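The structure appears right after this line, and notes come after that.
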Amino acid sequence: MNADTRTRLDRTPEWTALGEHREELAETHLRDLFAADPGRGSGFTLQVGDLHIDYSKHLVTDQTLRLLQELAVATDVFGLRDAMFRGEKINVTEDRAVLHTVLRAPRDAVVEVDGQNVVPGVHAVLDRMAAFAERVRSGEWTGHTGRRIKNVVNIGIGGSDLGPAMAYDALRSFTDRGLTVRFVSNVDGADLHEAVRDLDPAETLFIIASKTFTTIETITNATSARTWLLAGLKAGPEAVARHFVALSTNAGKVADFGIDTDNMFEFWDWVGGRYSFDSAIGLSLMIAIGPDRFREMLDGFHLVDEHFRTAPAEANAPLLLGLLGIWYGNFHDAQSHAVLPYSHYLSRFTAYLQQLDMESNGKSVDRQGRPVDWQTGPVVWGTPGTNGQHAYYQLIHQGTKLIPADFIGFANPVDELETGLAAQHDLLMANFFAQTQALAFGKTPDEVRAEGVPEHLVAHKTFQGNHPTTTILARELTPSVLGQLIALYEHKVFVQGAVWNIDSFDQWGVELGKVLAKRVEPALTEGTDVPGLDPSTKALVAKYRELHGR
Ligand code: F6P
């Protein structure tokens with residue numbers, strides 16, 4: 001169905017049918033669903049590459065899944081998917097193609113944008129990145145004074161930071177431990193200070209990552225880093241060439257900053273910032289883990305791309321996960337979605353997903369600019385288990401809110417751990433399995449009484465259960481598995497945006513704050529009377545100046 005003429009989502013028969021079905025299931029508990037179908041635990045699962053996905057602990061029946069798939073058909077999710085893979089300009093408000101899938105396409109693939117095959121360009125940059133990464137890793141690329149590079153500092157923000165920072169943590173056991181790799185994003189000077197205070201400038205390479213090369217935080221930090229470097233080296237601007245490289249789509253701005261465009265790794269406007277991690281933006285990670293491991297990761301992405309592109313609806317994992325999110329967000333009033341990795345290495349995975357999901361689907365007008373009458377993207381949050389269990393799980397178990405959650409775990413710890421530490425893995429994973437069981441099945445008042453709990457505490461110790469979770473289990477967190485996981489979530493976000501008929505690839509919502517910050521700054525520094533400042537903000541600015549001693 002053409003998006004311009006498509007019926008509003010909440011007026012489709014498929015939407016109505018789901019609403020009615022929700023009413024029919026209102027009294028159904030997960031305990032009932034498992035009692036009716038004990039085979040559900042193995043039946044409601046999917047295998048995609050290395051990812052075993054169990055969705056049996058969801059408040060769904062076969063009919064729910066059928067109705068959700070009918071909604072996907074009515075909203076032409078697969079039509080938009082195919083248009084994306086073909087390189088059509090589905091980012092309608094910016095008139096851009098959306099082709100992060102090409103970043104991991106094989107060399108012989110052909111995908112055209114404006115009549116030109118873009119695949120060779122992608123591989124040319126990957127090859128240049130690989131050659132550069134090897135030179136740094138081998139010590140052939142030296143700093144201005146001839147010393148070997150031992151520290152790599154990536155300066156970027158949002159999509160130019162979160163991906164490589166998350167993946168560097170995720171794949172730490174695959175990294176060259178002789179290299180110190182750090183990430184600076186915040187314009188708060190403390191971020192850069194802490195990142196470089198113990199580094200030797202002669203051994204430090206800065207990677208300035210910015211799609212636009214105009215982002216104020218990044219340019220400010222990059223300028224300060226250059227000052228720090230030149231002061232530390234007691235050198236002039238000629239030292240920049242050996243210590244600064246740029247990752248960007250904007251060669252002009254890179255040159256204006258003073259970085260030789262020979263030291264620039266490019267990407268393209270058909271790669272969205274939050275989808276750019278496997279473009280040149282991944283250079284810091286590639287230096288850390290090496291080009292071969294990086295390519296394994298890209299292959300992992302590609303595997304899931306192909307799955308999403310070709311698997312039928314009933315076996316299509318991103319479609320399923322996207323539709324489950326719609327089931328809870330639109331038909332159960334769930335406001336948030338927790339992502340709970342049981343791997344310390346995935347500490348920053350949820351932070352990465354926050355931008356991916358919330359910047360993509362935090363929209364309130366449809367692709368035609370009409371206000372939407374339905375809920376769109378959820379609040380995405382979470383931290384690694386088991387830490388969350390001792391913080392906020394209480395609310396998930398016994399609070400008043402429905403919080404669907406993804407549990408991500410691995411059968412094996414990373415190879416590097418000593419035997420004693422590796423043995424802790426079973427305890428970690430015992431918690432992983434225990435939590436999803438407790439969330440789904442809870443504990444009835446009768447079960448609590450049978451334990452001899454006094455009557456006045458029975459209600460307090462009862463767990464209603466019925467909290468839906470997805471379990472994603474893989475053998476081990478490898479580069480390929482990480483790529484598979486990220487692509488799974490990228491396409492899940494895509495599915496939801498397609499159903500909601502929103503543009504998941506623009507981010508106009510971050511612009512107003514940027515513009516106002518520029519306007520407010522002189523009020524802070526100079527006390528300038530900024531026109532249009534509201535009375536509350538004006539009073540706060542005055543207080544700031546007073547406290548600052550100005
Ligand atoms: O936060 C807005 C945003 O444009 C993100 O989409 C992007 O990832 C980030 O800023 C950084 O942008 P750039 O890579 O152009 O510096």
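Residue numbers count from 1 along this sequence. Predicted, not measured: the structure shown is a model, and the values here were computed from it. Just follow the structure's listing: the first ligand is 1, and inside any ligand the first atom is 1.
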> Within a radius of less than 6.0 Å around CD of Q116, do more than 12 heavy atoms belonging to other residues, nucleotides or ligands occur?
Replying inline: no
> What residue and atom, counting heavy atoms only, is the protein's closest point to atom 2 (C) of ligand 1, and at what distance?
Replying inline: V510 CG2, 3.4 Å
> Within 45° of the ring axis of F78 and under 6.0 Å from its six-membered ring centre, is that where the NZ or CZ of R81 lies?
Replying inline: yes
>> On a heavy-atom basis, I'd like to know which of T212, I157, I216 is closest to atom 9 (C) of ligand 1.
In response: I157
>> Judged on heavy-atom distance to atom 1 (O) of ligand 1, which of K211, R274, E359 sits nearest?
In response: E359
> Any salt bridge between K363 and D506, counting N to O under 4.0 Å?
Replying inline: yes
> Would Q355 count as a contact of ligand 1 if the rule is a heavy atom under 4.0 Å away?
Replying inline: yes
>> As an exercise, identify every atom of ligand 1 less than 4.0 angstrom from a heavy atom of G159.
In response: 7 (C), 8 (O)
>> Need the ligand 1 atom indices (1-based, order shown) with element for anything under 4.0 Å from a heavy-atom of T215.
In response: 12 (O), 13 (P), 15 (O), 16 (O)
> With a cut-off of 6.0 Å (strictly less than), are more than 12 heavy atoms of other residues, nucleotides or ligands near CD of E88?
Replying inline: yes
>> Closer than 4.0 Å to some heavy atom of S210 - which atoms of ligand 1 meet that?
In response: 13 (P), 14 (O), 15 (O), 16 (O)
> If you measure only the distance, is there a donor-acceptor pair under 3.5 Å linking the side chains of D333 and Q375?
Replying inline: no
> Is the number of heavy atoms from other residues, nucleotides or ligands under 6.0 Å of H144 NE2 greater than 12?
Replying inline: yes
> What protein heavy atom sits nearest atom 10 (O) of ligand 1, and how far away is it?
Replying inline: K514 NZ, 4.5 Å
